[in-house]
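Below is one structure, written out as structure tokens; comments come after it.
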Amino acid sequence: MIKYTAPAKEEPAVGLSEHTDINYLTILCQNEVQGLKIITKEGEWIPVDPGNDYFVVFVGESLKAWSNGRLHPPLHQVVFRGLKDRLTCAVFLKPKPGQVVNTAPEFVSYDHPRLYKPFSYGEFHEYSKTVFTDRVNILKNYAGI
Ligand SMILES: O=C(O)CCC(=O)C(=O)O
Ligand SMILES: [Fe+2]
């Protein structure tokens, strides 16, 4: 469970800066305080509002690596204002400690060569904590061939 404390009235919107998740999959639901946004291919930030009766599921960078770039992790952020705290319930599906993330051979072919080197999830996780810009290219910059 993640709690975002409501900003004081005059404060600007607060939340989580833009990023892609680095794990395999993220499953999200939230309380009634909206704030999650994703960026479209055209570069427009649009709200994604997990409702009461459904979840939002995001592909993460590790699934992008496994699928040789076929699955797309959306760049997202959290921006909100208001008087109520925002609560998100997030389930992060990720590799086991020490596991190497590798591309499935079925996704590699002559026409679609391997895009990423195998990497230790733990080391990628540590690296991700040092990256504050160009988060959209984090996998390419870390493990790209
Ligand atoms: O609070 C949310 O809705 C999203 C949280 C999130 O993106 C994250 O923890 O990676
Ligand atoms: Fe996220």
Side-chain angles (χ1 to χ4, degrees), residues 1-104 106-108 112 114-145:
M1 183 74 81
I2 307 168
K3 181 178 174 186
Y4 303 84
T5 305
K9 248 187 182 167
E10 302 303 321
E11 273 183 18
V14 293
L16 203 58
S17 59
E18 60 185 65
H19 66 283
T20 55
D21 294 344
I22 62 159
N23 47 308
Y24 283 131
L25 280 179
T26 302
I27 304 169
L28 297 169
C29 63
Q30 67 173 36
N31 70 350
E32 68 279 14
V33 182
Q34 296 172 352
L36 183 61
K37 291 172 187 271
I38 62 169
I39 200 165
T40 64
K41 280 183 186 160
E42 290 72 36
E44 186 192 356
W45 284 102
I46 56 168
V48 178
D49 295 322
N52 290 330
D53 51 359
Y54 56 87
F55 298 100
V56 166
V57 179
F58 283 156
V59 164
E61 299 288 355
S62 294
L63 211 54
K64 183 177 187 179
W66 175 78
S67 67
N68 206 18
R70 285 178 168 81
L71 295 171
H72 176 71
L75 197 61
H76 56 282
Q77 61 178 335
V78 175
V79 182
F80 80 108
R81 292 174 190 275
L83 300 175
K84 287 191 80 172
D85 294 344
R86 181 168 185 276
L87 296 172
T88 300
C89 184
V91 176
F92 298 103
L93 292 132
K94 56 186 178 186
K96 288 184 185 147
Q99 192 180 335
V100 168
V101 177
N102 203 352
T103 302
E106 291 84 349
F107 292 124
V108 181
H112 198 105
R114 175 183 281 274
L115 296 175
Y116 309 106
K117 293 176 267 196
F119 58 88
S120 146
Y121 181 74
E123 286 170 21
F124 183 42
H125 181 60
E126 288 307 310
Y127 169 78
S128 75
K129 292 185 206 165
T130 69
V131 179
F132 302 103
T133 55
D134 201 22
R135 286 284 304 214
V136 77
N137 288 313
I138 191 168
L139 179 64
K140 193 168 87 181
N141 292 340
Y142 184 71
I145 292 175

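We count ligands from 1, going down the list as the structure has it; atoms in each ligand are counted the same way. Here the structure is a predicted model, which means the values were calculated and not measured.
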H19 and H76, any side-chain heavy atoms less than 4.5 Å apart: yes

Which atom of D21 is nearest the Fe ion (ligand 2), counting N, O or S only? It is OD1

The atoms of ligand 1 lying under 4.0 Å from a heavy atom of Y4, numbered in the order shown, are 1 (O), 2 (C), 4 (C), 5 (C)

The atoms of ligand 1 lying under 4.0 Å from a heavy atom of L16, numbered in the order shown, are 5 (C), 6 (C), 7 (O), 8 (C), 9 (O)

Here the atoms of ligand 1 under 4.0 Å from any heavy atom belonging to I2 are 9 (O)

Note to self: Can you classify the ring geometry of F119 versus Y142 as parallel (below 30°), tilted (30 to 60°) or perpendicular (above 60°)?
What the structure shows: perpendicular

Could you say whether the N/O atoms of H76 and ligand 1 ever approach to under 3.5 Å?
yes

Note: ligand 1 atoms sitting under 4.0 Å from heavy atoms of V78 are 1 (O), 2 (C), 4 (C)

Open item on the list: Looking at K129, I want to see if its NZ is surrounded by more than 12 non-hydrogen atoms of other residues, nucleotides or ligands under 6.0 Å.
Closed with: yes

The reported gap from CG in L139 to CZ in F124 (rounded to nearest 0.5 angstrom) is 5.0 Å

Honestly, for F58 the part within reach of ligand 1 (heavy atoms, under 4.0 Å) is neither

The atom name of the N, O or S atom in H19 nearest to the Fe ion (ligand 2) is NE2

Honestly, for F80 the part within reach of ligand 1 (heavy atoms, under 4.0 Å) is neither

dist L93:CG -> N23:CG (nearest 0.5 Å) comes out at 7.5 Å

Should the ring pair Y4 and F80 be called parallel, tilted or perpendicular, given that the plane angle runs from 0 to 90° and is split at 30 and 60? perpendicular

Hey, does R86 sit under 4.0 Å from ligand 1 if you only count heavy atoms?
yes

From the list Y116, Y24, F107, ring-ring contact (aromatic ring centres under 6.0 Å, His included) with W66 holds only for F107

**Message:** Main chain of E42, side chain of T40: is a donor-acceptor contact present, judged purely on distance under 3.5 Å?
**Reply:** yes

Short version for T26: what comes under 4.0 Å of ligand 1, heavy atoms counted, is neither

